[in-house]
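First the structure, in the form of structure tokens, and then the observations on it.
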Amino acid sequence: MPLAVSSLYLHVPFCKHLCNYCDFYKKKFDQPKEQLDDFQQFLTQSWQRHSELMQDNGMTFGDIETIYLGGGTPSLWGKSGAEYFEKNILNQLTVKDECEFTMEVDPGTWTEEMLLAWKKLGLNRISIGTQTLDPEFLKIMDRAHSLSESHSLLKYCTENNWNFSLDFLLGIPFSNEKKRNIKNELDELLKYNPKHISLYILNARLKYPHIQNMPDDEFIREEYLFVSSYLKSHGFHHYEVSNFAIPGHEAKHNVKYWKSESVAALGPSGTGYFSLNDQEAIRYKWKVSKAEVETEKLGFQELALEKTYLSLRLSSGWKPEAIKSELMNQILSWQTLGYAEYKDETVRLTSLGFLMLDSLMDDLFKIGY
Ligand SMILES: C[S@@+](CC[C@H](N)C(=O)[O-])C[C@H]1O[C@@H](n2cnc3c(N)ncnc32)[C@H](O)[C@@H]1O
Ligand code: SF4
């Protein structure tokens, strides 16, 4: 009996402008017609290859519970994208009525007609690339959109009862020097009544133009802890390292990744995951130039490490299978330092612990865990 996959990620690799800090796979959308034709051809070819991949690994699509169109800027796929998606992908699947169907939409890259075409197919959640609501920092972040475009998308979503999430960036260059006022920005955002906020800390490479002007770790730590406590005081649950939700609005699709459940993927550079059993999984990544995948098999050790890391990311926490004295001492030391709480045989990180996660994983590594 094949194992059922109930989630699909699709990577749409185009952006109006390439933000100078972004490492995700994308191309400048400067020849829309040709690029969309190539992209759709890629998807058509990869659908066939994906069916073989599933079959080879004893997987099949079950009733679909989550669909996520990520990027890049999926909103640029437009109304014609909805037609392609319905005919070539959606019609091949059985989708549950309550399926969470998300599209990433950047300000300045959408039309109502486009959103309504996708809504007809079941789109019921929008993830908005807001990043900052300060015009000066928006410029520093090299975003293509203006502040008024951000506000007009937020306003549209609120007025039309869209379920939406916002991306918000911390650790922006010059934040200290130019006194970024995070509280004001959050107050502005909260006026739109979002139910979900993703909070990212800018990760900069050496060649990033503002690498010399990045805030230091202490500044970022204060920002992160402030945002966490401020959002919590406004009813949000800090349910994952980078994610906050009004209870009941957690991102179902993303939770599948953090719970190591299977998520299929399509689109150039899209990464999928098949959980085969407790001991084995397959991760695959689409090449960008042709519809072929690179696969990686994960064995027991890798899965155990990954599952520990992923469950520590979630507020539901990590329940070790067996707790030897060395591990217990480590957990108690985290507790003393304010990084974790230990209750009901489960380790749950605090917001400070979320921020320290990599170094906590090092602690586990050092005691041979
Ligand atoms: C890859 S983008 C795709 C969605 C959309 N195009 C946007 O820009 O919001 C998803 C999120 O990743 C964030 N991101 C991209 N590069 C990043 C980096 N170097 N460090 C932290 N976050 C980053 C973006 O700011 C965005 O919030
Ligand atoms: S719009 Fe989003 S995906 Fe595109 S370059 Fe900017 S951050 Fe990256």
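In this text, all values refer to a predicted model and were calculated from it rather than measured experimentally. Residue numbers start at 1 and run along the sequence shown. Whatever order the structure lists them in is the order used to number ligands and atoms, beginning at 1.
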Below 3.5 Å, N or O to N or O, backbone or side chain included: is there any such pair between N203 and ligand 1?
yes
Show me which atoms of ligand 1 lie under 4.0 Å from any heavy atom of G129.
9 (O)
Does any donor atom in the side chain of K96 or S6 lie under 3.5 Å from an acceptor atom in the other side chain?
no
Would you kindly specify which portion of F24 sits under 4.0 Å from ligand 1, judged on non-hydrogen atoms: side chain, backbone, both or neither?
side chain
Between H238 and F354, is a ring-ring contact (aromatic ring centres under 6.0 Å, His included) present by the stated rule, with each step listed?
CA-CA 10 Å; H238 193 169; F354 280 156; 4.9 Å; yes
Output field: ring centroids W77/F14 closer than 6.0 Å
no
Of the backbone atoms (N, CA, C, O) and the side-chain heavy atoms from C-beta on, which set of I201 has a member under 4.0 Å from an atom of ligand 1: side chain, backbone, both, or neither?
backbone
Contacting atoms of ligand 1, where contact means under 4.0 angstrom from a heavy atom of G72:
3 (C), 4 (C), 5 (C), 6 (N)
Is the contact between R205 and ligand 1 made by the side chain, the backbone, both, or neither, using heavy atoms and a 4.0 Å cut-off?
neither
For ligand 2, which atoms sit closer than 4.0 Å to a heavy atom of D106?
1 (S)
Classify the angle between the aromatic ring planes of W286 and F42 as parallel (below 30°), tilted (30 to 60°) or perpendicular (above 60°).
perpendicular
Which residue, L18, T109, L36, T73, forms the side-chain contact (heavy atoms from CB on, under 4.5 Å) with F29?
L36
N/O/S atom of C15 under 2.8 Å from atom 4 (Fe) of ligand 2, yes or no?
yes
Going by the order shown, which atoms of ligand 1 are within less than 4.0 Å of some heavy atom of G71?
1 (C), 3 (C)
Restricting to heavy atoms, the pick from G72, P74, C22 nearest atom 8 (Fe) of ligand 2 would be C22
Using a 4.0 Å heavy-atom threshold (strictly under), name the region of D167 that reaches ligand 1: side chain, backbone, both or neither.
side chain
Among all protein heavy atoms in this structure, tell me which lies nearest to atom 2 (Fe) of ligand 2, with the distance rounded to 0.1 Å.
R143 NH1, 3.9 Å
